[in-house]
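Written below as structure tokens is the structure these notes are about.
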Amino acid sequence: MSFPVTIVPSASGPLEDALLRAGLEIRHFDGTGPVATVARSSAAVIYALGPSGSEAFVRAVREHNDRIPILLYGEQLTARDIPQAVLARIDGVVNAYEDTPDFLARKIQREVSHYLGQLAPPFFAALMRYASDGAYSWHCPGHSGGTAFLKSPVGTLFHDFFGENLLRADVCNAVEELGQLLDHSGPIADSERLAARTFRADHLYFVTNGTSTSNKIVWNSLVGPGDVVAVDRNCHKSVLHAIMLTGAIPIYLMPTRNKAGVIGPIPRSEFNPVELQRKIEASPLILDKTKRIRLLALTQSTYDGIIYRASALKAELDGVVDALHFDEAWLPHASFHQLYDGMHGVANNQERTDRTVVYATQSTHKLLAGLSQASQILVQDTTGGHFDERVFGQAFRMHTSTSPQYAIIASCDVSAEMMAGRRGPALVEETITEAMEFRRAVIRAGLDAAPDWWFTVWGPDTPPRDGLPDRTEWELTADAAWHGFDRIDDGFTMLDPIKVTLMTPGLTVHGEFSDPGTPSIPGIVLARYLAEHGVVVEKTGLYSLFVLFTIGITKGRWNSLLAELHRFKSAYDGNAVIDRLMPAFTAEFPSYAGRRLRDLCDDLHTTYRDADLAELTTAIYTEPVEQVTIPADAWTAMAAGRVEHVPVSELAGRTTAVLLTPYPPGIPLLVPGERISAGIVRFLEHEQDLAARWPGFTGITHGVSGLTVACLPER
């Protein structure tokens, strides 16, 4: 990609001619369009209008890029004429006629070269140098920089699709000048240190196997067999896998949940040291009731966007648990905007804990700009220095491939660099703004559609308006009706506005189904329609869709989604034929050929309503859990084949040897070693019934295999 020199709006002919002779590309900016584009895609900016009006423009550029060279161009510009606020933000003044145009062009070219030369962070810069060096490689991988692919027609197709740069950069850890991920040395270590500074961590480590692996690294560096751990019951399955791997004994922190299927916060009382000790006393698996809690793990944020006041939890749990693990897979953006102040785990510019080491694991690929599987581990040490980097390093090597994908490492590096300085806050603020504009557009469309039906967005009942959100509006309070949760602690949690849950008609957050004959649209039907029309959502609920706003979301993208919602409404109101609306879907599921959209929604809604799925899917996640044996022992039995494969209809009272995880939402329902309740059996039976009656419109529970579940033998 080329980075042109942007001139605002134009300079003298001789200077522009000299810039072209120097080999620089020129672009003009007339003041229309986003200044952010100028800031992000230029090699330098020459502001040629003189000092008048320059302050607002320079400030706007600097809000998005604190490094790009900005030069004022005029005839007799001096410090007396230029506002101090502008002088403090620019890189120089270029006066016509004081020097020759060719000399001025060389001066500008020097600024450009310096800027472009320091754009890439250490590892990415080293990787680009290596890939462009032209040296033969005698190490793995065997495709040798892509050459092997060119020896086959299909390989040539692969080579052309991905491009030579990616393949030349796919190298072995034997390339010493790139450093070692396993040892955190060389340019990799340099980039990790820079990223730690950007994310305000004492230590930061790049991970190439996603946050699932990051979680396991943290756990294996801290937890051993018999250790007591406190875990968010609605945690990611990788945390439960870590429990199974380490032999830990879990006690669970129980979240709330509304009847629309949205996971709510864990009440603050669950974190109270007295309540944690009560859970230890009540556990049939913990024989030594004096054991300290080795690690407490919390999902921050939840899949649906609920985040906790981390600063309060760190203060309350300091010394109560040995380590705090914030699973921030969905929250890597929080440290870059004041909206989230105090709501993220690691922040070494704030007060430290005295005895409890704080870890945060983040998926840079989810909301930032990392490639898939790009993740990172952040550490904030205690005042007394309790973090043991040697043990952590062994755990890191245990879970990290000796052949890591260097493109993923580079994306970790670049993603962190993109957030450095003013760039990160500008990107996050832009994301928040886009999410708020989408929310407000949905609200406005609903007001325009009244009294007819329309979609809603789950969130505070605030009127449409301009500007950034007010933090107090997004904090959950007990007296707010919009969230539908019980046991809410005022000021303890908030909804992240960039996590947008779009609600369809048919079910309230309190579990009330709409009456027959009124608009009722199960979320899976809308999701199927959107997918066929090029819109793939993150998660589907009974009557909701989860839309994730990241730093890559644009106005064009969310306005296209809004347009598709309008088209769906028209198709629903007109009771359109499914075949014409979703031809690919009916080709895969021909039983729906000839059916009409509104009729389909009504019939599926009746099925949900008759089964009271809102109550059933809430109860299975909130009912008490009976632990029979520790998860590691249950998994050991599974691995050794000492299990029985029990039909779903006979599961009540049996002990599962596997994770049972319904998709959607992908939150584990039972952990190995736990008793299967009659309510869970009803849910699994209903899931099977839905799959038979409504193929293509149902979920699946991982752990159910061939209509059976692996269970421990009855004693």
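Everything quoted here is computed from the prediction, not taken from an experiment. Numbering of residues begins at 1 and proceeds along the displayed sequence.
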Quiz item: If every non-hydrogen atom of Glu538 is compared with every non-hydrogen atom of Tyr303, which pair is closest and at what distance?
Solution: OE2-OH, 3.3 Å
Quiz item: Is the Phe697 ring parallel, tilted or perpendicular to the Phe585 ring (thresholds 30°, 60°)?
Solution: tilted
Self-check item: Pairing of Arg422 and Glu63 as salt bridge, 4.0 angstrom limit
Solution: no
Quiz item: Do the charged groups of Glu674 and Arg233 touch, with an N to O distance under 4.0 Å?
Solution: yes
Quiz item: What is the ring orientation for Phe455 with Phe568, classed by angle as parallel under 30°, tilted 30 to 60°, or perpendicular over 60°?
Solution: tilted
Practice problem: Write down the atom of Gly653, the atom of Arg675, and the distance for their closest heavy-atom approach. | Solution: O-CD, 2.8 Å
Practice problem: Flag the pair His344 / Phe326 as yes when their ring centroid distance falls below 6.0 Å, and as no otherwise. | Solution: no
Self-check item: side-chain hydrogen bond (donor to acceptor under 3.5 Å, both in side chains) between Ser544 and Thr501, worked out
Solution: CA-CA 6 Å; Ser544 65; Thr501 298; over 6 Å; no
Quiz prompt | Salt-bridge criterion met for Arg595 and Asp599 (N-O under 4.0 Å) | solution = no
Quiz item: Could you state the interatomic distance from OH (Tyr340) to CG (Leu331), rounded to the nearest 0.5 Å?
Solution: 7.5 Å
Practice problem: Please confirm whether the backbone N or O of Trp458 pairs with a side-chain atom of Arg439, one donor and one acceptor, at under 3.5 Å? | Solution: yes
Exercise. Specify the closest pair of heavy atoms between Thr37 and Ser41, including all atoms of both residues, with the distance to one decimal.
Key: O-OG, 2.6 Å
Quiz item: Between Arg40 and Glu430, is there a side-chain N and carboxylate O pair less than 4.0 Å apart?
Solution: yes
Quiz item: Are the charged groups of Asp466 and Arg440 less than 4.0 angstrom apart, N to O?
Solution: no
Quiz prompt | Carboxylate-amine/guanidinium proximity below 4.0 Å for Asp515 and Arg609 | solution = yes
Exercise. Search all heavy atoms of Leu526 against all heavy atoms of Ile521 and return the closest pair with its distance.
Key: CB-CG2, 4.5 Å
Quiz prompt | Donor-acceptor contact present, side-chain Thr302 to main-chain Gly305, <3.5 Å | solution = yes
Quiz prompt | Distance in Å, Thr299 OG1 paired with Asn234 CG, rounded so as to fall on 0.5 Å steps | solution = 7.5 Å
Quiz item: Can you check whether Phe271 reaches Leu298 side chain to side chain, under 4.5 Å on heavy atoms?
Solution: yes
Quiz prompt | Option among Asp489, Asp232, Thr493 that satisfies the side-chain contact (heavy atoms from CB on, under 4.5 Å) test with Pro265 | solution = Thr493
Quiz prompt | Note, Leu468 side chain near Thr433 side chain (heavy atom, < 4.5 Å) | solution = yes
Quiz item: Can the positive tip of Arg309 be found less than 6.0 Å from the middle of the six-membered ring of Phe492, inside 45° of the ring normal?
Solution: no
Quiz item: Does NZ or CZ of Lys569 fall inside the cone over Trp454's six-membered ring, less than 6.0 Å from its centre and within 45° of the axis?
Solution: no
Practice problem: Among Val525, Val547, Leu545, Thr540, find the residue that satisfies the side-chain contact (heavy atoms from CB on, under 4.5 Å) test when tested with Leu530. | Solution: Leu545
Exercise. State, to 0.1 Å, how close Lys499 and Trp330 come at their nearest heavy-atom pair, and which atoms those are.
Key: NZ-O, 2.8 Å
Exercise. Drop me the distance from Ser677's OG to Glu626's CD, to the nearest 0.5 angstrom.
Key: 10.0 Å
Exercise. Compare all side-chain heavy atoms of Lys555 with those of Glu437 and state whether any distance is below 4.5 angstrom.
Key: no
Quiz prompt | Test: Arg682 and Glu685 ion pair at under 4.0 Å | solution = no
Quiz item: Nearest 0.5 Å, what's the OG-NE2 distance between Ser214 and His325?
Solution: 8.0 Å
Quiz item: Of all heavy-atom pairs between Asn575 and Arg596, which one has the smallest distance, and what is that distance?
Solution: O-NH1, 2.9 Å
Exercise. Any chance you could measure Thr364, atom OG1, to Leu367, atom CG, to the nearest 0.5 Å?
Key: 10.0 Å
Quiz prompt | Distance (rounded to the nearest 0.5 Å) between Arg268 CZ and Leu313 CG | solution = 7.0 Å
Quiz item: Do NZ/NE/NH1/NH2 and the carboxylate oxygens of Arg471 and Glu475 come within less than 4.0 Å?
Solution: yes
Quiz item: Do Thr211 and Gln362 have side-chain atoms, one donor and one acceptor, less than 3.5 Å apart?
Solution: no
Self-check item: Distance-only polar pair, side chains of Gln300 and Glu328, donor-acceptor under 3.5 Å
Solution: no
Exercise. May I ask you to check whether His236 and Ser238 show a side-chain donor-acceptor distance below 3.5 Å?
Key: yes
